[in-house]
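Keep in mind the model is a prediction, meaning the values are calculated, not measured.
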Amino acid sequence: MSLSAKDKVEARQRRHRRVRKRVVGTKDRLRLSVFRSNSYLYAQIIDDLAGRTIVSASTLESSIRDRVTGNTIDAAKALGTALAERAKAANVTAVVFDRGGYQYHGKLKALAEAARQAGLSF
């Protein structure tokens, strides 16, 4: 028996809550949070103690959309690289990866690896 769309969303949200119990962005290691929609990828680096977003990037932005099209692994790599460059400009070097309840596979893995290669340490 397959899950309905509503059940899939609720299951992801349960997994995300379970992950967020352990993954907290501190002043020394901020949290890199990822959200994946059907059309776009969104990533932001968050300081949970201060309650503010330090850096954000999305495949919806024209600077990334001009390089790659669609919601693909290549787009995720471009997003990871752009996010890491912006993080370096904001003096952020170390983050903890919040996969958002998604499986660490495919686009999320490509985003994380591209961010690591561009200079972020997880």
Side-chain angles (χ1 to χ4, degrees):
M1 184 184 330
S2 66
L3 294 173
S4 69
K6 183 179 177 183
D7 291 337
K8 285 183 180 182
V9 170
E10 289 174 354
R12 186 198 70 80
Q13 289 173 344
R14 273 195 312 272
R15 286 190 304 270
H16 191 198
R17 283 192 298 268
R18 192 168 56 232
V19 168
R20 287 284 289 120
K21 287 179 187 176
R22 295 188 182 108
V23 177
V24 177
T26 63
K27 188 171 66 170
D28 298 326
R29 282 179 75 87
L30 302 175
R31 179 170 58 100
L32 191 159
S33 177
V34 177
F35 178 74
R36 202 182 84 188
S37 73
N38 287 337
S39 304
Y40 303 105
L41 287 170
Y42 306 87
Q44 47 187 339
I45 296 177
I46 303 167
D47 182 358
D48 287 323
L49 299 179
R52 48 175 254 205
T53 299
I54 308 299
V55 176
S56 67
S58 167
T59 55
L60 184 62
E61 298 172 1
S62 61
S63 61
I64 296 172
R65 238 185 331 171
D66 292 341
R67 289 190 269 171
V68 290
T69 58
N71 189 9
T72 62
I73 290 179
D74 292 333
K77 289 177 183 177
L79 177 64
T81 304
L83 187 73
E85 290 170 358
R86 293 177 190 180
K88 278 195 226 175
N91 294 325
V92 175
T93 56
V95 296
V96 59
F97 189 66
D98 175 10
R99 61 187 173 91
Y102 303 106
Q103 190 177 25
Y104 184 78
H105 182 266
K107 295 172 196 160
L108 261 59
K109 185 177 179 181
L111 185 148
E113 290 176 353
R116 277 190 199 105
Q117 287 177 354
L120 278 181
S121 64
F122 288 39

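Rounding to the nearest 0.5 Å gives a distance of 12.5 Å between CG of D74 and OG1 of T59. Atom CG in L41 sits 13.0 Å away from atom NZ in K77 (nearest 0.5 Å). Remark: K88 NZ to N91 CG distance equals 12.0 Å, nearest 0.5 Å. Atom CZ in R14 sits 8.0 Å away from atom CG in D7 (nearest 0.5 Å). We find the CD-CZ distance between Q13 and R15 to be 10.0 Å, quoted to the nearest 0.5 Å.
A donor-acceptor pair under 3.5 Å is absent between the side-chain atoms of S33 and the main chain of G100, judged by distance alone. Of the possible polar contacts, none joining the R20 side chain to the D98 backbone as a donor-acceptor pair under 3.5 Å is found. A donor-acceptor pair is defined here as one N or O able to donate and one able to accept, closer than 3.5 Å; no such pair exists between the side chain of R31 and the backbone of V24.
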Can you give me every donor-acceptor pair (side chain of residues 103-113, partner residue at least two apart or in another chain, under 3.5 Å) with its distance?
residue: Y104; atom: OH; partner: R116; partner atom: NH1; Å: 3.3
residue: K107; atom: NZ; partner: N71; partner atom: O; Å: 3.2

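Using a 4.5 Å cut-off on side-chain heavy atoms (C-beta onward), K21 and R17 make no contact.
Y40 is connected to L32 through a chain of hydrophobic side-chain contacts under 4.5 Å among Ile, Leu, Val, Met, Phe, Trp and Tyr, so both are in one cluster. Clustering ILVMFWY residues whenever any of their side-chain heavy atoms sit less than 4.5 angstrom apart, transitively, puts Y42 in the very cluster that holds V95. Both F97 and L120 are part of a single hydrophobic cluster, where members link through side-chain heavy atoms under 4.5 Å apart. In terms of hydrophobic clustering, with Ile, Leu, Val, Met, Phe, Trp and Tyr side chains grouped at heavy-atom distances under 4.5 Å, L79 and F122 are assigned to a common cluster. Connection of Y102 to I45 is established within a shared hydrophobic cluster, with ILVMFWY side chains joined at heavy-atom distances below 4.5 Å, either directly or through further cluster members.
Here the closest non-hydrogen pair linking R86 and S56 is NH1-O, 2.7 Å. Looking at every heavy atom in both residues, A84 comes nearest to A115 through CB-O, 3.8 Å. The two residues A75 and V68 have their closest heavy-atom pair at CA-CG2, 3.3 Å. In terms of heavy atoms, S58 sits closest to I64 at O-CD1, 3.2 Å.
Test D47, I54, L83 against V92 for side-chain contact (heavy atoms from CB on, under 4.5 Å) and you get one pass: I54.
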